[in-house]
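What follows is a short report on a single structure.
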Amino acid sequence: MSEQLLEIEDLEVSFATEDGVLRAVSGVSFTVSRGETVAIVGESGSGKSVTVMTLMGLTRSPNARFAGTARLNGVDLISASEDKLEAIRGKEIAMIFQDPISALSPVHRVGAQIAEQIRAHEKISKAAALDRAIELMGRVGIPNARARARSYPHEFSGGMRQRVMIAMALSLSPSVLIADEPTTALDVTIQAQILDEIRQLTAESDTGVIFVTHDLGVVADIADRVLVMYAGRLVEQGTVDEIFYDPQHPYTWGLLGSVPRVDLEPPRRLPAIPGAPPSLVRPPEGCPFQPRCPHAFDRCRELPPLAPRLPDAGHLDRCWLTPDDKRVLRETGGRIGLTEGAAS
Amino acid sequence: MALDSPEGGAAGIIVSAAPSDLSPEGRQPAAIGPWQLALRRLRRNYVTLFFLALLVILVLMCLLAPVYSAHIAGVGPNTNNITGTVSVNGTQQNIVSLSGVPIGPTWGAHYLLGADTNGRDLAVRLLYGGRTSLLIGAVATAVIMILGTLVGLLAGYFRGVVDFILRPLMELIWSFPVVILGVALGTALALGGIGPVKGNSLFIPAFIIGVVYVPYLGKPIRGEVLRLREQDFIDAARVQGMGPWRIMFSEILPNVSTTIIVFLPLILANSILLEAYLSFLGAGVQAPNASWGTLISDGLTYIQTTPTYSLIPGAMLVLTVLSVNVVGDGVRDALDPRAQVRVRN
Amino acid sequence: MKRYVRPLGVSLLCGAVVTVAACSSSTTSSGSSPASSSGSSSGSSSSAQAGGTITIDSGTPPLSADQALDFTTQGNELYSVVNTPLLTFQRGVQGVAGAKIIPGLAKALPTVSNGGKTYTFFLRPGLHYSNGTAIKASDETYALERDIKIPWQAASFVSAYIAGGTAYAGGKAKTISGITTDDATGKIVVNLAAPFAPIEDIFALAGTAPVPPSTPMKNQANTGTVGDGPYMWSSITPNQKYTLVQNPKFDVPGIPKGHAATIVYQVNANVTANAEQVLQNQADVFDPGDTIPASLLQQVQTTAKDRYAAIPTNSSYYWWFNVNQKPFNNIYAREAVLAALDDRALSRLDSGFLQPDCHLIPPGIAGGSTGATCPYHNANAAPNMTEAKTLMQKSGMIGQPVTVYGEERTPRRQWLDYYTSVLNSIGFKATEKVVNSSVYFTTIGAPSLKPQTGFGDWVQDFPNPWDFMQLFAGNAGSSLNYGYVNDAHYNTTLNTLFQQQPDQVVSQWTALDQYAVSKGYYAAYGHEEFPKFYSDRLNFTTGVMSTEYQTDLTSLELK
Amino acid sequence: MTGFITRRLASAVLLLFATSVVVFGIFEVIPSYNPARAIAGRAATAATVAEISQKFGFDKPVWIQYGNTMKLIFTGQIIDYQDNLNVVSQFVHRFSVTLSLVVPAAIIWMAVAILLGSISALRAGGWLDRGLMVAAITGVSIPVFLLAAALLYLFAFRLPWFPNTGYTPFGTDPAQWAYHLVLPWLSIAVLSIGFYSRVLRSNALDVINQDFVRTARAKGLTERQVFTRHVLRNALMPIVTLFGLDFATLLGGAALVTETVFNLPGIGQYEATAIGQLDVPPIMVGAMFTAFFVVLFSALSDVVYALLDPRIRITG
């Protein structure tokens, strides 16, 4: 295992709101090593975006509370001071956002925006920074970059804008790149190009990547390891193959089950996980997935720990069912999914 | 609905499937309509409540003017008493000195805030003046509410020729220097009056302010109506055979009501202010009636010797307009869906 | 000529705001720095300094610097020392007795012939204007034509009384036929349409002073005109600043040359600030056309008592009644108002500058009388409310609506408020109509308006009782006789008296005044005093505040 | 761009025409308004009045009178009825005074508003933020003339720091010029500072939540850089249009009152006098002058807005 780039220990993030304290992330721990791509999946509201945003220090506000640590090259990002973080952001850890349309400043030229990131960390002239920006734009596949650098974001297509974001993020070859659903807003064909772009650039510089998404297709395509989050907690963690072929947590089954399969004839109604994510202000006792889990039983009133329950220590899950029960219960209609009948 | 657990394993588990009533805390808060939400927020907003109370007090004081003048001060707002005297802690003093300087505040029942040049009781004139200012402000606001909404609705809904006439008209009034228009109209009408309305009736300033501020409400409402007009529920109403008037008043109007309510306090505050401007420049309330604007203007001559003559009506004016503005703010924040959730941590 | 004081800016201006206790720097730059006079104590005028600059602070500017348009007291103060007319009022005469008429540019007083219809003047030989051109007799004709064309605010004095005046005014004649001149001999013959004794006073008004023929037939507000007077115009910024300098070529005997080298007439609408300036010796003269604000008066009367005085003037203030309309077509209704009016209250509203009196002719003029002989109550005593109530009963006009007209300028608006409350207290339903001062008289003068009652004032044009009593003559027209009074006895008496020299018919004028008061044609309430208020740089005793010129500029001299 | 200009020009001409008609109409309606009598003066006989109305053309039908007046205005020969002064030259002569009042006042008002607005946006919820909220609301609740009177009372009388009223031209003595104008500047600026800082604050708060600001911070820019380069630039754009309109209406409103109270011989005072005396020519020229500025400034602010925001192209 290459040495750990980023270690996150018991990350807690909660916000004080009018209705009470909202616990967005409770006790999340994971690591990212050099050259490795870790995917975080889960429904919206599961805390995945909050987790990565907290790493970048972008969730700090008067009514936010943090706990736990996130060490990157020896620095704890959670407790770091604002100016310390400013030196790290964009240089050692960079981020690409979901909606390229609104993520770029509408009133600045594209080239200048990239150059701005470079000059924020290196003392070089505007012209030199612009040249590097243009060179970067070329590398991420933007045609005649020198001319296009002078135009504004609204003159670019969604895909092109995401390429600018990538160029910007990787301009100082950071050790960790966070991609927060970068392809969700794009159509499928562009999505594939962007994923290739990211994979190829991060492979070259051995960057550790955290890829947040709710699209399992993307996970399969790009991720080495997968973390499944639900209601602010990690419910399952393992390699791509373990998660896709030997999922342990019913919520993971549900996710896998709701992906339409090309190889099977289409079901009458797309399977979906019943119910809605629980309130994070007054979370239910025990296992958070319990209210929606068809296999819930009395033991689930007590929160199961995230622990390895299989021979491979890397594969952790948070469910009391025995591995054997799990293998039986996840089979439904010839594929892995949440048992259809029982839940209705 | 029992759940028969599959083969062996853990003992058969009977679980009621409906997740919601599994644990009380898990339930979502009961949904409440926008108005109750607004009211709840308003009750929480102590600043707004304070100024609301202040506004009520100020209005009450002005409404009680006749009571004060009859029972306490004993003189009407216009009773001249130039050669009379008043007892100030024992000694009889001229209300207006031989050289025409009116007496300062006696802080007693008579001439509490002193007299003006004509020996009239300033406290009584202050309250009657308040009544005038508030009356003109209210009437003007009513005029604006009706005219503004109507113009906004017509221009927004009918578009075409109607809009072609109304919009530039609003543009014209909007870009016209309000004070000049108001003062010119005021001076002109004070002389001749319009038809049955006599020169110094209070309706003239109210009417002027009403006309001058119509675009203040007309333009935003026209914008809203233009937007609403495109929405499906209007087409649905039209399909049901509703005539344009019914659509406007039963369909569109309720939807712009929040805008109207949000603008109401703003317009009331500005109407009172504009009345003060007009009266200050001698084109609003005509003698011998008083309004806060005229009192401030008259008091300027004596600001050196008796500053209270000008500054107390000034304070009343500012407090009233301030209260209306703060309450307006509170209402807008309560109604505004993107309200900043004020967190008390 | 009414005391036509035009407020600069709106009503609030006249008390615009605030005085500055220790006035740091002068408001509008007042020329040379007003260093207070060196050492010499006030009063002792050891060596009167010749030359120097004297500044006058005024609350309202004249209508124009051109004497052929302006007819205000402010304007007259200035151009009377620039444009000397054929005749002129003697300079240096203080007090209401007023000055005699002496020859100006004319060699002597005019010879009267043809039954008082022809007046013949002879120009003094060799006179020159301040720009050096010689003065010719025909210049007088040109000047009078200018009066009619521009028009002069008192143009009717020329067009109504000089033969051919109305024809010229109506554009039917090229020149005024009544005037013939001979430049060689300097002879000027003026023929009147009818005998009119006060014509001599009119030829002593600066408006009738000859001007060079090159003077345009248009109002010269920015430059003023050229004349032959002790001073001439140096620079003018209309409505803001007027500067006069001594005229080196002044050559008219009998008229003083003046002491100050430069006179600066500065306009600052904030009358309180002006009074403060003079109090602090930042400016030299407080223009008598303004009223010292009540709030400052005590301070002036105490700290500056040796350089301040209230000078009585020949001016009258009255309420007129429209005798053709209800309720004041009824004599008892009019008399009730006279009985209920408290002149002392009106005086206090004018900071005590008003001498209560119910007669129209001021005491300073032949035929004037005091407040003692007023019907129902002495003008200086409390009103007779019981008599007023009984008169109202007899008139049957209780509850009648009355609209009262008045000016918006202080103290006139306060007078209006008071007068309306008196009308209400005796049973009328009175409402006020406040009109801007500069358009007040033209508004109530409009024949179409037919107002019921309102405010009126008149300042003496020349010391002749006719100047006041003409206001209520049947033929005075609605622009002067607002109440349309047309009393046969009054008209005939007026026509006989104005033919004769005033000092021979004093008792008849007093009787006519008393007759009009007994008929209630007007409710006069007093005569005003003007403030004579100088800085301690000026010699207060030699400075003259005259009824004709107000501040006599030729009399001002530095200590 | 030319399309934009012609459209704006057309609306300007239309507006000026409409303004002049409205003002002319107002004074035609008044029953007892008679300019001839005003010129003829008090002791005028019917003959002189008739002669004057004939000479000035008051006896002609309304629309001919209107035509003459407009011709006189645009040839610069129009004179006012009260003082017989050339109105156009009065405006030109007095405009420098009004400019020296409104321009510095606007600069003060915008500078302070941007400063306060930014600080309160950065420290949302802090004491300054609440203090500003109160200042903003109070600011819009005080009429200019009351503030002017209070300032004069406090700083010209109680503490004689400033002169009472009056004006010294910049040419003669810049120190005196500024010294006399401090209080008038404050009277105009203070009331708008509150409002503008609040508008800036709410704009800034909207922008702060935008994605590109988050990107800017993710790029490692310091808080100050993020604020000035990204937040402020976007937050200021709507203020540009607001300022354009307010500045123009200032000429017709607050300047008029401030000049009256402080006795500054600007066009506001000239208009106020004219209105008091029902003197139509200066009122017409004044109203058109102000309306012209409103149109000019609204066009200017649109152009500036387009420069600031590349997304908006001035469509032809």
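In the text below, chain A, chain B and the rest are named by the order of the sequence lines, each starting its count at 1.
Contact annotation for B:Leu322: both backbone and side-chain heavy atoms come within less than 4.5 Å of a heavy atom of chain D. When heavy atoms are compared at a cutoff of 4.5 Å, D:Val22 approaches chain B solely by way of its side chain, counted from C-beta outward. Heavy-atom distances place the side chain of D:Leu256, and not its backbone, under 4.5 Å from chain B.
D:Arg158 pairs by the salt bridge (Lys or Arg N to Asp or Glu O under 4.0 Å) definition with nothing, not counting sequence neighbours. By the salt bridge (Lys or Arg N to Asp or Glu O under 4.0 Å) test, D:Asp211 is found to be paired with D:Arg214, residues two or more places apart in sequence or in another chain being considered. Residues passing the side chain to side chain contact (heavy atoms under 4.5 Å, CB included) test with B:Leu147 are B:Val143, B:Val214, sequence neighbours excluded.
Looking only at atom types and distance, the side chain of D:Ser20 has a donor-acceptor partner in the side chain of D:Tyr66 under 3.5 Å away. No donor-acceptor contact under 3.5 angstrom links the side chains of B:Thr132 and B:Asn289, judged on distance only.
Between chain B and the residues D:Val23, D:Val144, D:Ile283, the largest count of heavy-atom pairs under 4.5 Å involves D:Val144. Most heavy-atom pairs under 4.5 Å with chain B: of the set D:Val295, D:Leu14, D:Val294, this distinction falls to D:Val294.
In this structure, D:Asp246 and D:Leu250 have side chains that are not in contact, with every pair of non-hydrogen atoms separated by 4.5 Å or more.
The ring of D:Phe293 has its center no closer than 6.0 angstrom to the ring center of D:Phe247. Between D:Tyr153 and B:Tyr302, the ring center distance fails the sub-6.0 Å criterion.
For residues 265-278 of chain B, the interface with chain D (any heavy-atom pair closer than 4.5 Å) comprises B:Leu273, B:Ala276, B:Tyr277, sorted by residue number.
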